[in-house]
Amino acid sequence: MAKSGDGIRILQGLLVFGNVVIGMCGIALTAECIFFVSDPHGLYPLLEATENDDIYAAAWIGIFVGFALFALSILGIVGVIKSNRTLLLVYIILMLITYAFEMASCITAATQRDFLTPNLFLKQMLERYNKSDVDNNNDKWMAEGVTKTWDELMLQKHCCGVRGPSDWQEYTSTFRSSHKDADFPWPHNCCVMDAQGSPVNLDGCKLGVPGYYNSNGCYDAISGPMNTQAWGVAWFGFAILCWTFFVLLGTMFYWSRIEY
Amino acid sequence: MFLLLLPLLAMAHGLDVRPYKPKLSTASLGGLTTSSTFTLEQPRCVFNLQEDVVIWLVVAVPKAVPSFNNSVMPGSPKTAFQKFPTSVFAYMTLNTTLLNYPCHKPPREITVLRVGSETSCAKDNTRPTCNGPLPGPGPYQVKFLALNDSNPVAETAWSDPITLRTARQLSSIPTTGSGRSAGMIALTSILSILFAILLASLVAMLVFCGSNAYSGSSSFSKPEAVTVQRYNTHHVYNQPAARL
């Protein structure tokens with residue numbers, strides 16, 4: 001009897017420790033998802049224009065799940081120490097619901113990451129950059145968002161197009177229909193700018209002289225932060241869920257051993 | 001007088017054909033050919049003439065190359081850019097004196113001629129020598145022609161046909177997903193399995209241990225705060241002490 005008493009004490013200790021880790025991870029998940037939702041790189045308009053911004057939905061769910069995990073971990077600690085069957089049953093059921101939500105968030109983030117290919121952004125850029133004849137308000141909003149985002153991206157990250165400036169030459173675009181090819185082989189934001197914001201050498205930029213125009217593509221600057229966000233939400237959530245799995249199994253075992 | 005006339009006649013009929021072939025610039029330029037412009041090497045060290053001779057660029061469609069007449073005047077309706085290529089099959093543009101093509105090429109400079117860079121005069125009929133954007137992908141052939149007071153004195157060979165870029169339709173870009181990555185499949189399957197195990201354990205827990213009042217030896221009871229009260233149910237007298 002003494003030995004099983006010790007065993008139960010060890011299990012209690014492990015469960016409390018497990019719940020403490022879940023609580024801390026919950027806070028970390030909330031913080032991480034708030035950081036992603038705040039869009040520090042300003043890329044949200046590009047996602048919004050793809051009409052599929054599920055990565056942001058996954059981050060939003062992550063905020064609430066993280067907070068729920070923290071609250072439930074406290075409930076779990078109290079329930080384990082008091083060995084109260086009701087508390088622990090409530091804990092287990094609520095944890096399973098939170099588990100289901102977090103699972104949805106992880107899978108959504110991972111799946112949507114696969115959806116964001118270079119071709120998607122290329123087509124979106126060619127269709128919406130500098131689009132002036134818009135069908136409705138929504139279209140106008142998306143076109144303005146895409147144009148503004150691309151302009152800032154090209155200026156700040158010193159890049160042009162998705163794969164390079166040749167994107168503007170290889171494909172037709174809305175930009176091409178309003179800007180002549182001879183004057184604008186690519187947008188002027190692709191030119192190297194001086195301190196006042198005008199091209200250092202416009203003719204050199206139009207010719208494509210290395211040093212006067214940005215010859216590398218912007219895809220790395222777009223996919224880097226999005227990858228970080230998707231993997232941050234998906235894999236950190238996965239790690240939390242694996243840990244929670246063991247804690248929940250332990251709690252269920254503990255619950256079944258409490259004498260009513 | 002006769003002696004003076006002879007060289008003049010010689011000049012008029014003796015066209016100096018240089019073996020130089022105009023070609024696209026060899027510098028690494030992103031915009032070497034676009035869909036309406038292309039960039040040529042400057043004809044440096046090609047002509048052996050006095051510096052005030054005017055060098056013109058002739059741009060023609062290939063079918064007009066064999067029949068091109070060097071005596072046609074630049075700036076006339078027969079060589080007007082605005083009518084190219086519908087009724088005019090070769091136009092002349094980018095005129096400059098030989099002074100601007102010195103033999104000595106500075107090593108760090110890029111010396112090129114961009115054909116098609118003037119968009120302001122493309123529809124202006126008063127500017128027939130406009131260096132306007134080319135109307136289609138071509139192909140085009142070019143040559144340089146040296147004119148001294150409207151008399152052709154030298155020319156280069158015709159270039160190889162130059163074809164410009166054609167833009168593909170943006171609707172041809174495939175945006176269907178690239179398939180599922182291995183990480184995402186692993187993540188989904190592992191999480192689903194774990195969730196299924198948890199649900200199964202929950203069901204097992206509730207069904208088998210739900211009313212577990214009389215459990216086995218390994219169960220334990222709640223630690224209760226038990227106060228032990230010792231009751232003396234019988235008043236115990238110290239008998240021997242009382243008898244004495």
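Being a predicted model, the structure only gives us computed values, none of them experimental. FYI, side chains are in, hydrogens and waters are out, and symmetry mates aren't considered; it's all heavy atoms of this structure. Per chain, numbering begins at 1; letters A, B, ... match sequence-line order.
- If you measure heavy-atom distances from A:Pro165 to chain B, you find no contacts under 4.5 Å at all.
- Proximity to chain A (any heavy atom under 4.5 Å) is shown, for B:Ser25, by neither the backbone nor the side chain.
- Between B:Phe195 and A:Leu241, the closest side-chain pair of non-hydrogen atoms is not below 4.5 Å.
- A:Asp114 contributes a side-chain N or O that, together with a main-chain N or O of B:Ser181, makes up a donor-acceptor pair within less than 3.5 Å.
- Looking at A:Tyr213, the atoms closer than 4.5 Å to chain B (heavy atoms on both sides) all sit in the side chain, from C-beta outward.
- Here the straight-line distance linking atom CH2 of A:Trp231 with atom CE of B:Met184 works out to 9.5 Å at 0.5 Å rounding.
- Taking 4.5 Å as the limit, some side-chain heavy atom of B:Ser35 sits within range of a side-chain heavy atom of A:Gln169.
- Per-residue heavy-atom pair counts under 4.5 Å with chain A were compared for B:Ile185, B:Ile173, B:Thr39, and the maximum is reached by B:Ile173.
- Closest approach of B:Leu29 and A:Leu207 over heavy atoms only: CB-O, 3.6 Å.
- Per-residue heavy-atom pair counts under 4.5 Å with chain B were compared for A:Glu102, A:Lys123, A:Arg176, and the maximum is reached by A:Lys123.
- Between A:Leu89 and B:Leu206 there is a side-chain heavy-atom pair separated by less than 4.5 Å.
- Contacts of A:Trp186 with chain B are made by side-chain atoms alone, with heavy-atom separations under 4.5 Å and no backbone atom involved.
- Contact of B:Leu134 with chain A is not made at all, since no heavy-atom distance falls under 4.5 Å.
- Judged purely by atom type and a 3.5 angstrom limit, B:Arg114 uses its side chain to pair as donor or acceptor with the backbone of A:Ala182.
- Interface remark: A:Ala100 contributes backbone and side-chain atoms alike to the contact with chain B (heavy atom separation under 4.5 Å).
- Side-chain contact check for A:Met252 versus B:Leu198: some heavy-atom pair is nearer than 4.5 Å.
- No side-chain heavy atom of B:Gln169 sits less than 4.5 Å from a side-chain heavy atom of A:Tyr171.
- The side-chain heavy atoms of B:Arg165 and A:Ser166, taken from C-beta on, include a pair separated by under 4.5 Å.
- Here B:Leu202 is the residue among B:Leu202, B:Ile190, B:Val112, B:Leu32 with the most heavy-atom pairs under 4.5 Å with chain A.
- A:Ser215 does not touch chain B: none of its heavy atoms, backbone or side chain, sits under 4.5 Å away.
- Note: A:Thr111 leads A:Asp203, A:Leu116, A:Thr111, A:Leu126 in heavy-atom pairs under 4.5 Å with chain B.
- Interatomic distance, CZ of A:Phe246 versus CG of B:Leu194, reported as 7.5 Å (0.5 Å rounding).
- Of all the heavy atoms in B:Leu187 and A:Ala234, the pair that sits closest is CD1-O, 3.9 Å.
- Scanning both residues, A:Cys106 and B:Leu191, for their nearest heavy atoms gives CB-CD1, 4.0 Å.
- Annotation for B:Thr119 and A:Lys180: closest pair CG2-CD, 4.0 Å, computed over non-hydrogen atoms.
- Using a 4.5 Å cut-off on side-chain heavy atoms (C-beta onward), B:Arg168 and A:Thr172 make no contact.
- Atom CG of B:Leu199 and atom OH of A:Tyr99 lie 9.5 Å apart (nearest 0.5 Å).
- For a residue to count as touching a neighbouring chain, one of its non-hydrogen atoms must lie under 4.5 Å from one of that chain's; by this rule B:Ser28 touches chain A with backbone and side chain alike.
- For a residue to count as touching a neighbouring chain, one of its non-hydrogen atoms must lie under 4.5 Å from one of that chain's; by this rule A:Ile92 touches chain B with the side chain only.
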**Request:** Give the C-alpha distance, both sets of side-chain angles, the deciding distance and a yes or no for side chain to side chain contact (heavy atoms under 4.5 Å, CB included) between A:Leu122 and B:Leu170.
**Result:** CA-CA 9 Å; A:Leu122 178 65; B:Leu170 75 91; over 6 Å; no

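- The number of heavy-atom neighbours closer than 6.0 Å to OH of A:Tyr212, taken from other residues, nucleotides and ligands shown, is 12 or below.
- Heavy atoms of B:Ile110 lying under 4.5 Å from chain A belong exclusively to its side chain.
- Listed options B:Ala122, B:Gly132, B:Ser117, B:Gly183 were ranked by heavy-atom pairs under 4.5 angstrom with chain A; first place goes to B:Gly183.
- A donor-acceptor pair under 3.5 Å is absent between the side-chain atoms of B:Ser36 and the main chain of A:Asp181, judged by distance alone.
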